[in-house]
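Counting convention: from 1, in listed order, for ligands and their atoms alike.
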Amino acid sequence: MILAIESTFDEIGAALARSNTIGGVEIVASCIASSAAITAKYGGAVPEVLAREQVAMIIPVIEECMTKANVSKDNIEAIAISYGPGLVGSLLIGVETAKTLAYAWEKPLLKVNHMVAHVLANFIHKDKIPCFPAVGLVISGGHTDLVHLKELNSWSLLGSTRDDAVGEAFDKTARILGLPYPGGVLIQKATQNWRTRKSVGLGIKLPRPMLGSENLDMSFSGLKTAVVDLVSKVEIANEEVIEEIANEFTKAIVEVLVNKVKKAIEITGSSDFVLAGGVAANIHIREALVEAMTAEGVRCWIPDFVYCTDNAPMIGAAAVLRPEPANFDLRPESSLEVI
Ligand code: KG4
Ligand code: ZN
């Protein structure tokens with residue numbers, strides 16, 4: 001059993017994970033302490049404030065997770081830590097704690113890339129797992145990457161955003177519309193409201209950036225700029241207009257993502273598609289991709305909602321499936337160099 005720790009942004013998570021008989025991952029226990037309310041209060045991450053919270057939370061979260069599963073250090077084979085990408089202060093808390101525990105308990109230390117872990121959250125299943133070759137789409141607050149998963153250990157990047165990540169576009173657009181941070185889920189709510197209204201609205205249109213481009217790269221900052229332009233021309237004090245803009249924004253994102261994923265499936269000849277990252281929690285994106293992949297005869301995998309946004313189980317899943325050798329130097333003075 002692996003003890004996995006996640007501390008890349010505004011949460012501290014601990015999970016106990018092990019492999020199951022179908023080649024997937026079983027999560028034995030998971031605990032999380034979130035500082036999302038602090039991030040929301042400041043309208044974004046304040047790294048030093050988050051790191052101070054995380055220092056206080058990390059040991060209690062690990063202890064709670066182990067108590068919940070009724071396991072001691074003797075049941076743990078290795079400690080896995082998400083080493084990045086993420087905020088340096090938050091990473092430092094997690095990495096130093098993991099290194100110290102590994103040293104004191106004499107366990108191997110496994111390093112896990114946070115983005116790889118988002119994708120491998122799709123293997124937390126008890127009766128079925130994705131097959132290779134597959135196409136992966138990671139959509140989070142900081143990344144938007146299309147990946148070709150030839151095998152479990154052989155991945156290559158097919159395309160990326162050239163500017164804003166999809167999550168960033170959601171959060172920035174929400175802010176422009178006067179919705180609080182984090183805006184992704186509020187844009188989703190506004191979109192749902194619009195779709196139940198069945199109003200014709202103002203006929204608002206937003207661009208679909210790089211939809212027609214030959215390559216698999218994407219771009220979302222122009223979409224955000226188009227929303228800025230729009231709100232300088234229309235009155236957004238009206239809830240119905242906000243909802244109409246949110247709906248059109250969601251449609252633009254969905255259209256671009258579906259188009260790029262379909263192209264990636266065609267180029268790679270993949271049988272499976274895996275969606276990952278915090279924005280994979282968006283119901284409109286989930287529905288559209290399931291529909292598009294079903295129409296193409298491609299199996300579509302999307303993690304449960306709790307495994308989309310940052311979580312420790314996905315770090316456990318990556319450590320179980322692709323254990324990278326420990327290469328952290330245990331000398332404390334080198335702590336930041338390893339990140
Ligand atoms: O993967 P994640 O938890 O953290 C990063 O690694 O970045 O992703 C966070 C992002 C944020 O931008 C947040 O607004 C977005 O995921 N998000 C959503 C939804 N839930 C979270 N975006 C759209 N719709 C949602 N339901
Ligand atoms: Zn993440």
Side-chain angles (χ1 to χ4, degrees), residues 4-13 15 32 34-37 39-40 43-45 47 50 81-88 90-91 94 112-122 136-145 147 160-161 163-177 179-195 220-221 223-224 227 243 245-247 249-254 256-257 274-289 302-318:
I5 302 169
E6 153 67 25
S7 74
T8 54
F9 186 47
D10 62 0
E11 282 152 349
I12 285 281
I32 192 162
S34 171
S35 303
T39 311
L50 293 175
I81 178 67
S82 169
Y83 69 89
L87 296 177
V88 167
S90 305
L91 288 168
V112 170
N113 179 295
H114 178 87
M115 304 316 294
V116 168
H118 267 302
V119 174
L120 293 176
N122 280 290
L137 174 67
V138 195
I139 40 177
S140 72
H143 290 76
T144 299
D145 295 324
V147 192
S160 270
T161 179
D163 38 59
D164 290 358
V166 175
E168 193 181 352
F170 266 97
D171 295 339
K172 286 179 175 170
T173 300
R175 190 187 285 238
I176 297 161
L177 296 177
L179 303 170
Y181 179 94
V185 74
L186 297 172
I187 296 256
Q188 175 181 299
K189 184 91 200 61
T191 302
Q192 282 171 299
N193 289 349
W194 175 257
R195 291 183 188 186
F220 298 100
S221 76
L223 188 53
K224 170 197 68 194
V227 178
E243 289 169 5
I245 298 172
N247 177 59
F249 171 84
T250 302
K251 277 171 68 183
I253 296 265
V254 162
V256 172
L257 294 180
V274 293
L275 183 65
V279 189
N282 183 280
I283 56 163
H284 303 110
I285 295 175
R286 292 168 86 98
E287 277 167 17
L289 282 164
I302 306 178
D304 286 350
F305 286 102
V306 284
Y307 302 141
C308 287
T309 44
D310 293 346
N311 64 90
M314 72 183 192
I315 307 301

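- The shortest heavy-atom distance from His284 to ligand 1 is not under 4.0 Å.
- Residue Val274 comes nearest to Val119 through the heavy atom pair CG2-CG1, 3.9 Å, listed as atom of the first residue, atom of the second, then distance.
- Distance check: Asp163 CG to Lys224 NZ gives 7.0 Å after rounding to the nearest 0.5 Å.
- Considering backbone and side-chain atoms alike, Gly277 places every N or O at 3.5 Å or more from each N or O of ligand 1.
- Interatomic distance, Thr161 OG1 to Glu168 CD, rounded to the nearest 0.5 Å: 8.0 Å.
- Nearest-residue assignment for atom 15 (C) of ligand 1 (options Ile253, Val185, Val279, Leu186; heavy-atom criterion): Val279.
- Within His114, NE2 is the N, O or S atom that lies nearest to the Zn ion (ligand 2).
- Gly184 CA, 3.4 Å is the protein heavy atom nearest to atom 22 (N) of ligand 1.
- The closest protein non-hydrogen atom to atom 9 (C) of ligand 1 is Gly141 N, 3.8 Å.
- Residue contacts with ligand 1 for His114 involve side-chain atoms from C-beta outward but no N, CA, C or O (heavy atoms, distance under 4.0 Å).
- A distance-only check finds a donor-acceptor pair linking the side chain of Asp171 to the backbone of Gly184 [under 3.5 Å].
- Within the 4.5 Å cutoff, no side-chain heavy atoms of Ser90 are placed close to those of Thr8.
- Below 4.0 Å from some heavy atom of His118 lie the following atoms of ligand 1, by number and element: 1 (O), 6 (O).
- Close approach of ligand 1 to Gly142 is summarised as follows: ligand atoms under 4.0 Å from at least one heavy atom of the residue are 7 (O).
- Smallest separation of non-hydrogen atoms from Ser82 and Ile315: CB-CD1, 3.5 Å.
- Vertex the Zn ion (ligand 2), arms ending at NE2 of His118 and OD1 of Asp310: the angle is 100° after rounding to 10 degrees.
- With a heavy-atom cut-off of 4.0 Å, Asp171 touches ligand 1 through its side chain alone.
- Minimum interatomic distance between Val279 and Val166 (heavy atoms only, all atoms of both residues): CG1-CG1, 3.9 Å.
- Side-chain atoms of Asn247 and His284 form no donor-acceptor pair, as typed in the model, at a separation below 3.5 Å.
- Note that the CD atom of Glu11 and the CG atom of Leu50 stand 10.0 Å from one another [nearest 0.5 Å].
- Here the protein heavy atom with the shortest distance to atom 24 (N) of ligand 1 is Asn282 ND2, 3.0 Å.
- Between Glu168 and ligand 1, no pair of N/O atoms sits closer than 3.5 Å.
- Nearest-heavy-atom check against atom 4 (O) of ligand 1 across Asp310, Thr309, Ile187 picks out Asp310.
- Protein heavy atom at the shortest distance from atom 26 (N) of ligand 1 is Gln188 OE1, 2.9 Å.
- The shortest distance between side-chain heavy atoms of Phe220 and Lys172 does not fall below 4.5 Å.
- Applying the 4.0 Å criterion to heavy atoms of Gly167 picks out, from ligand 1, the atoms 12 (O).
- Ile245 pairs with exactly one of Leu177, Thr191, Ile187, Thr250 by the side-chain contact (heavy atoms from CB on, under 4.5 Å) rule, that one being Leu177.
- Residue, atom and distance of the protein heavy atom nearest to atom 1 (O) of ligand 1 are Gly278 N, 2.9 Å.
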